[in-house]
Amino acid sequence: FLQNPKLRFILFGGKGGTGKTTSASATALHFARQWPARKVLLVSTDPAHSLADSLDCPVGSTVTGVAGVDNLFALALDAKALLEQFKSRYGAVITLIADRGTYLDKEDIDGFLDLSLPGIDEVTAILKIMELMREGQYELVILDTAPAGHTIRLLSLPEQMEHWIRVMEMMMDKHRYIAKSFAHRYVPDEADHFLISMASDIQQLRELLRNRESTEFVPVVNAEGMSIYETEMLLQALDAGSIPVNSVIVNRLVAASVGEDGTVCPFCQARARDQAPYKLSLIHI
């Protein structure tokens, strides 16, 4: 993936602690220096944000330039803040749809908005990334994802969102039928436009994640049993979603090295022995 100039979206994933953020940051620095005329954006959706530590500069919830690299920018997405923005922007129309299609009272409908939208925090994060990509300010976006379990849930978002919209469309069907019965016609309003817009966003997300020319997912794995297991699960999810994977980073391998003076590092020897049984499994990945 480091030799592919066509890439526009690179995602890094894997078990927590494998070095996803380090790998994503190193890749962002590599491309920014290789393409000085192009803007590169490094984004983190990991709740344990550590981009600031990796880049040694402040990184927050607004796009920030990386010190010393004029064309590299970084962003640490705050899922909770994005969710509040989503509710502020769309809460009223979602409540309107629920009110039109159910017999729930206002309190129950408010509860639907707060509790019954699975994965909505990941939805808001990925929609924000898509918004940034649509604006066209950045030629390459690199995403440092949350640990594997969160990432698998994120990859299932297009299907989840389609189910969610299908439910809301069923709610709207009742309203449309009643409106046609009384007025003999139906004029689409903000609720219809919201559902059309969301459906379009889902389709664009699906196309973006499956685009083999511009998108690649790069798993990061260590020579440890749990890391390999979670990476295998992640690879199954990526394959099921037709999301391209051409490279895997095997990180933190240790060699039992001998110093110039002939001394052997006992820690390195112990780590190398611990990792040895897993090297065959890594080859099969």
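Everything quoted here is computed from the prediction, not taken from an experiment.
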Check: Ser200 side chain, Ile196 main-chain N or O, donor-acceptor pair, under 3.5 Å
no
Locate the shortest heavy-atom distance separating Thr145 from Gly13; write the atom from each residue and the value.
OG1-CA, 3.4 Å
So that I can tick it off, tell me whether Glu169 and Arg176 are bridged by a salt bridge, with the cut-off set at under 4.0 angstrom between side-chain N and carboxylate O.
yes
Where do Thr231 and Thr18 land on the side-chain contact (heavy atoms from CB on, under 4.5 Å) test, with the steps shown first?
CA-CA 10 Å; Thr231 301; Thr18 56; 6.0 Å; no
Over all heavy atoms of both residues, which pair between Val220 and Phe12 is shortest? Give the atoms and the distance, please.
CG2-CD2, 4.0 Å
Quick one: does Asn251's side chain have a donor or acceptor within less than 3.5 Å of a partner on Asn222's backbone?
no
Would one find more than 12 heavy atoms of other residues, nucleotides or ligands at under 6.0 Å from atom CZ of Arg89?
no
Treating Gln275 as the side-chain partner and Val254 as the backbone partner, does any N or O pair qualify as donor plus acceptor under 3.5 Å?
yes
Residues, nucleotides or ligands: over 12 heavy atoms within 6.0 Å of Asp56 CG:
no
Is the CD atom of Glu131 crowded by more than 12 outside heavy atoms at less than 6.0 Å?
yes
Are more than 12 heavy atoms, taken from residues, nucleotides or ligands other than Asp70, located less than 6.0 Å from that residue's CG atom?
no
Once rounded to the nearest 0.5 Å, what's the spacing between atom CZ of Phe31 and atom CD1 of Ile10?
4.5 Å
For residues Arg185 and Val187, determine if any side-chain heavy atom of one lies less than 4.5 Å from a side-chain heavy atom of the other.
yes
Atom CZ in Arg8, atom CE in Met133: separation rounded to 0.5 Å?
9.0 Å
Indicate the ring-plane relationship of Phe194 and Tyr90, choosing parallel, tilted or perpendicular according to the 30° and 60° boundaries.
tilted
Does the side chain of Gln204 come within less than 4.5 Å of Arg134's, by heavy atoms?
yes
Take Leu132 and Leu75, measure what side-chain contact (heavy atoms from CB on, under 4.5 Å) needs, and give me the verdict at the end.
CA-CA 11 Å; Leu132 290 168; Leu75 173 66; 3.6 Å; yes
Do Glu84 and Ser88 get their side chains close enough for a donor-acceptor pair, meaning under 3.5 Å?
no
Check whether Met226 and Leu253 end up in the same hydrophobic cluster, where Ile, Leu, Val, Met, Phe, Trp and Tyr are linked by side-chain heavy atoms less than 4.5 Å apart.
yes
Is the shortest side-chain heavy-atom distance between Ile165 and Ile202 below 4.5 Å?
yes
Between Trp164 and Ile94, the two heavy atoms sitting closest are CZ2-CD1, 4.0 Å
For Gly241, does its backbone N or O pair with a side-chain atom of Arg210 as donor and acceptor, under 3.5 Å?
yes
Atom CG of Asp192 and atom CE of Met172: how far apart are they, to the nearest 0.5 Å?
4.0 Å
From OH (Tyr177) to NZ (Lys180), nearest 0.5 Å:
10.5 Å
For Leu55, run the side chain to side chain contact (heavy atoms under 4.5 Å, CB included) check against Leu42, Thr21, Thr64 and tell me which one passes.
Leu42
Hydrophobic cluster identity match, Trp35 and Ile142, side-chain contacts under 4.5 Å:
yes
Closest heavy-atom contact between Val221 and Ser227?
CG2-OG, 3.3 Å
Arg206 side chain near Glu162 side chain, heavy-atom distance below 4.5 Å:
yes
Below 4.0 angstrom, N of the basic side chain to O of the carboxylate: do Asp274 and Arg271 qualify?
no
Hydrophobic cluster membership, with links at side-chain heavy-atom distances under 4.5 Å among I/L/V/M/F/W/Y: are Tyr229 and Leu234 in one?
yes
When rounded to the nearest 0.5 angstrom, what distance separates CD in Glu139 from CG in Leu41?
11.0 Å
So, taking the atom named CG in Leu2 and the one named NE2 in His30, what distance separates them when rounded to the nearest 0.5 Å?
4.5 Å
Non-hydrogen side-chain atoms of Leu140 and Arg38 separated by less than 4.5 Å
no
Side-chain donor-acceptor pair under 3.5 Å between Gln203 and Glu207, yes or no?
yes
Correct closest heavy-atom pair for Ser54 and Ser25 would be CB-OG, 3.5 Å
Would you say that Phe9 contacts Asn211 through its side chain, given a criterion of any heavy-atom pair below 4.5 Å between the two side chains?
no
Taking side chain as C-beta onward, heavy atoms only, is Tyr186 less than 4.5 Å from His175?
yes
Residue of the set Leu208, Leu238, Leu11 for which side chain to side chain contact (heavy atoms under 4.5 Å, CB included) holds with Ile243
Leu238
Within-4.5 Å side-chain heavy-atom neighbours: Leu96 and Glu190
yes
What pair of heavy atoms forms the shortest contact from Pro36 to Arg33, and how long is it?
CD-O, 3.6 Å
Linked, directly or transitively: Met171 and Ile178 (ILVMFWY side chains, under 4.5 Å)
no
Polar side-chain atom of Ser197 near backbone of His193 as donor-acceptor pair, under 3.5 Å:
no
Quick check on Tyr278: does its OH atom have over 12 non-hydrogen neighbours (other residues, nucleotides or ligands) under 6.0 Å away?
no
